[in-house]
Amino acid sequence: MPRFVIYTTMSKFYDDRAVRLGEYIATTGDTVRGAAAHFSMAKSTVHKYVTERLARIDPALASSVRAVLELNLAERHLRGGEATKRKFKS
């Protein structure tokens, strides 16, 4: 017996928000923290949208966002060192 998903107005709103966040991160290469600041949202909310909800809605976009998030994670230690360097230089 097939199961039907009934989208309410609010779930459509959250799905659209997840897609907008995913497109923003994929095109700009921004971090979760940067996207959260750009959209005035909590970091944990942005992370949950782009990792869980987006994978259900648009798997192709979710994989490109995952690649950006993995790159940001790999470069995290370098960015922290640069921020400390700039802090003490000025």
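As a basis for the values below, the full set of heavy atoms in this structure was taken, side chains included, without hydrogen atoms, waters or symmetry mates. FYI, the numbering just counts along the sequence from 1. All of these numbers come straight from a predicted model, not from anything done at the bench.
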*Asks:* Taking distance alone, no hydrogens or angles, what donor-acceptor pairs closer than 3.5 Å link side-chain atoms of residues 46-53 to residues at least two apart or in another chain?
*Replies:*
residue, atom, partner, partner atom, Å
Lys48, NZ, Glu52, OE1, 3.0
Thr51, OG1, His47, O, 2.6
Arg53, NH1, Asp15, OD1, 2.8

*Asks:* Taking all atoms of both residues into account, what is the closest heavy-atom pair of Leu54 and Gly22, and its distance?
*Replies:*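 For Leu54 versus Gly22, the nearest heavy atoms are CD2-CA, 3.8 Å.
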
*Asks:* List the steps and the verdict of salt bridge (charged side-chain N to carboxylate O under 4.0 Å, His left out) for Asp16 and Lys12.
*Replies:* CA-CA 6 Å; Asp16 291 342; Lys12 178 72 172 140; 3.3 Å; yes

*Asks:* Considering non-hydrogen atoms only, spot the tightest contact between Val68 and Gly29 and give its length.
*Replies:* CG1-CA, 3.8 Å

*Asks:* Over 60° means perpendicular and under 30° means parallel, so classify the ring planes of His38 and Tyr24, tilted if in between.
*Replies:*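 Correct class here is parallel.
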
*Asks:* Calculate, to the nearest 0.5 Å, the distance between atoms CD and CG belonging to Glu23 and Asp58 respectively.
*Replies:*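 Rounded to the nearest 0.5 Å, the CD-CG separation comes to 8.0 Å.
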
*Asks:* If I compare all heavy atoms of Ala55 with all of Ala62, which pair ends up nearest, and what's the gap?
*Replies:* CA-CB, 3.7 Å

*Asks:* Minimum heavy-atom separation for Leu61 to Val19, with atom names?
*Replies:*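 In this case the closest contact between Leu61 and Val19 is CD2-O, 3.9 Å.
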
*Asks:* Mind checking ring pair (Phe, Tyr, Trp, His ring centres under 6.0 Å) for Tyr14 and listing every partner two or more places apart, or none if nothing turns up?
*Replies:* none

*Asks:* Given side chains that start at C-beta, do those of Leu21 and Met41 come closer than 4.5 Å, heavy atoms only?
*Replies:* yes

